[in-house]
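A, B, ... follow the sequence lines: proteins, then strands. Residue 1 opens every chain.
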There are 2 protein chains.
Amino acid sequence: MKEPTPRQKEIVNVAIRLIAGKGMPYLTIKHIAEEIGISEPAIYRHFDSKHDILMAVLGHFETVSLRIRDQLQRQNGNGLEQIRRFMFDRYALFSDNPDLAKVLFAEEMFMNDEQLAKKILGIMHQHRDLLFNAIQKGQKEKEIRSDIDADHLFHFIVGSMRLLVNRWSFSGFAFDLKHEGSTLWQAVEIMIKPD
Amino acid sequence: MKEPTPRQKEIVNVAIRLIAGKGMPYLTIKHIAEEIGISEPAIYRHFDSKHDILMAVLGHFETVSLRIRDQLQRQNGNGLEQIRRFMFDRYALFSDNPDLAKVLFAEEMFMNDEQLAKKILGIMHQHRDLLFNAIQKGQKEKEIRSDIDADHLFHFIVGSMRLLVNRWSFSGFAFDLKHEGSTLWQAVEIMIKPD
DNA sequence: GATATATTAGTTAGTGATAACTAACCAATA
DNA sequence: TATTGGTTAGTTATCACTAACTAATATATC
């Protein structure tokens, strides 16, 4: 868990940009090197293998995710407010880093390699736990309806968010994600409130 | 739009199985040929290029989708019933063909090639129209709540279904999709009904 | 403080594996 | 006799990665 060097951070950022822009097959050591402006073997002074670069990409996602989680836990609002903040944080994050949205919500791209798959499933599990707990907390506090399983509510909330982000991504970021996310949240709020 | 020959169908099925099982990078002409038990160049007697094979894979998805759509339109139920049948049909389809679920809900894999991307976006649009119309119909018929935009309802319904199928797929098909899909639908029904 | 040494981050050139695809040929069948 | 669907033996391109070398800088020793 060492801090990456500036050059390593640069390589990771270029990798994310290349994957988002031209797809995983385009991510080659050669293209990364060209983008940075150094030779191909120079990349290997900073990472032992391509696999390690992809692990570092996922490591970056993990870091960002943990930062958001810790922020949420410090603020310590009620269940509903925690979910709202989580959603808005993510819409803001993706708006500022569209490449990140494109790569992070296309998990299949990492699923070929066992180690990468394990790492990304870990990140997903983290998110799930966070939201699941917030939903259950909201149900206990009577801010969220209890006639529907927390599990199903989770599917609504996260599923609709993911679909929105995916549509935004496929559209070439053609609409204002923060605005659409906000109106989607209003609809979510109406539906998950108690009768 | 010619009917594919038996050998072409075989190649398409093998391609889907390989993509689902080992990921897109594993889909090579060599592996397809090995799986079928013929030589590599023999594949080129049936398809001009690898790209054409992938187009045929998407053509297969399109055919399946159109079949479901026509079936739905013939039955001509009310809006809510149409949505319900659509969902159950898809859960049944995926339960019988897990490979199809794995590939069809991983659109990013086709997004590198412009032509493939266009085709898959067309299929997605078709689904969207179908469900969107059913939702609006249900709202007119007062079976579905009108205090929430059809667009947002679409995100709930489809988003939650996609998330469920993806989780099923990532879990290695570890639970009964038809059963979980059915309980998810009950929750959907409660939430989208009018107050 | 000057000098020797080690480390860092780069270079050019090249390796072996594998990808998509082609050429040329052949046996069975329409 | 032409077509269909196979074969073996290649081609060219590109991949991840290595070998060997070098300039510049940091560090240690006298």
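Look at B:R7 and you'll find a side-chain N or O under 4.0 angstrom from OP1 or OP2 of D:dG6. Taking 4.0 angstrom as the limit, A:H51 places none of its side-chain polar atoms (N or O) nearer than this to OP1 or OP2 of D:dA16.
Around NE2 of A:H179, the count of heavy atoms belonging to other residues, nucleotides or ligands within 6.0 Å does not exceed 12. More than 12 heavy atoms of other residues, nucleotides or ligands shown are found within 6.0 angstrom of CG on B:D96.
Comparing D:dA16, D:dT7, C:dA9 against the side chain of B:R45 picks out D:dT7 as the nearest. Between C:dT11, D:dA16, C:dA20, one nucleotide has an atom nearer to the side chain of A:A42 than all others, and that is C:dT11. Distance from the side chain of A:Y44 is smallest to D:dT18 among C:dC21, D:dT18, D:dG5. Of the candidate nucleotides D:dC17, D:dT7, D:dG5, D:dC17 has the atom nearest to the side chain of A:S49. Residue B:I38 has its side chain nearest to D:dT7 when only D:dC15, C:dA20, D:dT7 are considered. With C:dT12, D:dC15, D:dG6 as the candidates, the nucleotide lying closest to the side chain of A:P41 is C:dT12.
Checked against B:M191 for a side-chain contact (heavy atoms from CB on, under 4.5 Å), the options A:D147, A:L153, A:I190 give a single hit: A:L153.
B:E10 places its CD atom 9 Å from the P atom of D:dG6, with the value rounded to the nearest Å. The OH-P distance, from A:Y26 to C:dA19, rounds to 21 Å in whole Å. Rounded to whole Å, the distance from CD on B:E40 to C1' on C:dC21 is 8 Å. Per the geometry, NE2 belonging to B:H31 stands 9 Å off P belonging to C:dA20, to the nearest Å. Here C:dA9 presents its C1' atom at 11 Å from CD1 of A:I11, a figure rounded to the nearest Å. What separates CZ of A:F47 from P of D:dT18 is a distance of 16 Å, to the nearest Å. Going from atom NZ of A:K30 over to atom P of D:dA16 covers 10 Å, rounded to whole Å. For B:K50 and D:dA13, the NZ to P distance is 19 Å, given to the nearest whole Å.
Residues B:F88 and B:I135 share a single hydrophobic cluster, defined by chaining ILVMFWY side chains whose heavy atoms lie under 4.5 Å apart.
With no hydrogens or angles considered, a side-chain donor-acceptor pair links A:N78 and A:E143 at under 3.5 Å.
Looking at heavy-atom distances under 4.0 Å, B:S39 makes contact with a base. Among the protein residues, A:L27 comes within range of the sugar-phosphate backbone only, with heavy atoms under 4.0 Å from sugar or phosphate atoms but none that close to a base.
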